[in-house]
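All remarks here apply to the structure that follows.
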Amino acid sequence: MSQTTQQKIDQWVMNTYARNAVTFVEGQGCQLTDEDGKTYLDFLAGIAVCNLGHAHPGVAQAICNQALKLTHVSNLFYTQPQARVAELLVKHSFADQVFFSNSGAEANEGALKLARLWGKEKLNGAFTVITMQGSFHGRTLATLAATGQVKIQKGYDPLLSEFRHVPFGDLAALEKVWDEKVCAVLMEPVLGEGGVLVPPPEFLAGVRALCDQRGALLIFDEIQTGLGRTGRLFAHEHFGVAPDVMTLAKALANGLPAGAILARKEASALFGAGAHASTFGAGPVVMAAATVVLETLTAPGFMAGVAQTGAYFHDRLLELADQHPQVVAGVRGLGLMLGLALKVPGAPLVKELLKMGYVVNCTQDTVLRFLPPLVVTQPEIDALIGVLGLVLAQPPAA
Ligand SMILES: *Cc1c(COP(=O)(O)O)cnc(C)c1O
């Protein structure tokens, strides 16, 4: 049976993913089950998407209720779930207004359009955006050009040329490429696909100060870092620095497609009627799910719990690093966005862990990345640490 599903997909779905030979059929919290009935512990959460865990009862109920009531009427009219999500996002962030999209790349596209309008209106037509080397901002033509990774761009040239990439964490380099053409800086507060890289403590404040001096927009891509992932609702809160514009997606509706651009009024006011749009954006079912997500994340004590679990996980990874210095280079990350940097390729370890029933990810070839549902428990972390210790003691060959 598993052959059949996998053969169909391999034959009839375009071959853009290097898939693992597992067909998942259901989940519950941090647990996944494949079609042979084998269970797994999920330390990836669909790449930081199912932050409340799989088959969350509150989210599922909200989706069902809303689907039986109203699914779509377009944004030519008002809908109640959209109002509630906008209210929650504004109430719990720096932002005054929100635009809803369906994905991360699409949110970044909208933010880049806003940056263009900002440059036209406030900076004599400036249109260049500074982004970071090693960053990831999406797969559309504009967002892959913004992305600071050649492997994502290969084959798609000529690229949009208004981006300048600087080393993450290097304020001097950023200042050096800055000229009168720059209208914005777009960056992840912590690089995700780039290898779970936390910037030097003063970096975000330095970028903020430069943007303020020169009147440019500071745009944080919190698509992966946002919505509780790092132990704060938004990662920039760790650094005491707020952006002018922020993009969200991944965890916003716990698995349904949702994205958002949040902005201060001075920027958001540049989007007038007709300036930007999305047919599916803020659909009532998606917004019903997002309401439960945001209400859960912002409930008293929830975020403190994530920070606590993250600190525990971080400590346990440090123990492994101490025990296996020949294969482990270091531990990094914030909250439940953690990376174990290896001195060996990570892919064979990921494969081995999957066989043993643990879903983890590897990024930048040598960084094991852990992005579990935020409801992961200490016993679940202990279980992973146990098998990880075994695998690190005898790393499988590539
Ligand atoms: C996943 C991701 C994106 C792209 O989101 P999609 O929904 O896949 O388009 C953009 N930026 C960051 C930081 C991401 O992690």
Side-chain angles (χ1 to χ4, degrees), residues 14 16-19 44-51 99-115 129-149 151-153 156 160 163 165 168 184-199 204 207 218-230 233-236 238 243 245-262 278 280-283 286 289-290 293 333-339 361-364 367 369-372 374:
M14 293 189 198
T16 62
Y17 302 100
R19 295 182 207 261
L44 185 55
I47 316 190
V49 168
C50 297
N51 277 10
F99 176 89
F100 290 107
S101 65
N102 311 285
S103 71
E106 206 190 322
N108 282 338
E109 284 275 345
L112 290 169
K113 285 174 72 174
L114 201 51
V129 177
I130 300 176
T131 67
M132 303 296 140
Q133 292 171 11
S135 63
F136 181 76
H137 298 298
R139 299 284 195 155
T140 62
L141 276 174
T143 60
L144 75 82
T147 291
Q149 298 185 62
K151 69 174 185 204
I152 309 278
Q153 301 168 335
Y156 299 114
L160 284 183
F163 298 101
H165 304 96
F168 188 60
V185 175
L186 166 64
M187 60 179 291
E188 299 155 83
V190 176
L191 291 191
E193 306 303 312
V196 194
L197 281 179
V198 182
L204 264 61
V207 179
L218 178 55
I219 308 170
F220 283 160
D221 175 343
E222 291 236 25
I223 290 166
Q224 186 165 148
T225 56
L227 299 163
R229 175 52 51 192
T230 67
L233 190 56
F234 305 113
H236 65 256
H238 288 283
V245 178
M246 172 171 73
T247 51
L248 298 176
K250 291 199 161 87
L252 185 52
N254 208 52
L256 297 195
I261 307 166
L262 283 68
S278 165
F280 289 122
V286 170
V293 169
L334 279 178
L336 284 170
M337 179 177 185
L338 293 169
N361 173 257
C362 175
T363 188
Q364 299 299 313
V367 182
R369 180 171 50 161
F370 307 100
L371 302 163
L374 305 181

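Whatever order the structure lists them in is the order used to number ligands and atoms, beginning at 1.
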* Can you see which heavy atom on A260 is nearest to which on A107, and at what distance? => O-CB, 3.7 Å
* Asked: How close does the nearest protein non-hydrogen atom get to atom 11 (N) of ligand 1, and which residue and atom is it?
  -> D221 OD2, 2.7 Å
* Structure fact -> When H238, Q224, E222, H236 are each screened for side chain to side chain donor-acceptor pair (under 3.5 Å) with T230, the one that passes is H238
* **No-hydrogen, no-angle side-chain donor-acceptor test under 3.5 Å, T131 and H137** => no
* Taking atom 10 (C) of ligand 1 as the point of reference, which of T247, T225, I223, L371 owns the nearest heavy atom? -> I223
* Select one of side chain, backbone, both or neither to describe which atoms of A249 lie under 4.0 Å from any atom of ligand 1, heavy atoms only. => neither
* Structure fact -> Judged by heavy atoms only, the candidate from G104, A258, S101 nearest atom 6 (P) of ligand 1 is G104
* CD on Q149 to CG on L144, rounded to 0.5 Å -> 11.0 Å
* To do: Output every pair passing side-chain hydrogen bond (donor to acceptor under 3.5 Å, both in side chains) with a member in residues 245-256, not counting sequence neighbours, ordered by first then second residue.
  => N108-T247
* Structure fact -> The atoms of ligand 1 lying under 4.0 Å from a heavy atom of A105, numbered in the order shown, are 4 (C), 5 (O), 6 (P), 9 (O)
* Is it the case that more than 12 heavy atoms not belonging to L141 sit under 6.0 Å from its CG atom? -> no
* **Polar contact flag for K250 and ligand 1 (N/O pairs, less than 3.5 Å)** => yes
* Asked: What atoms in ligand 1 come closer than 4.0 Å to a heavy atom of S103?
  -> 7 (O), 9 (O)
* Structure fact -> For Q224, the ligand 1 atoms with a heavy-atom partner under 4.0 Å come out as 15 (O)
* Note, L204 side chain near F220 side chain (heavy atom, < 4.5 Å) -> yes
* **E188-ligand 1 polar pair, N/O distance under 3.5 Å** => no
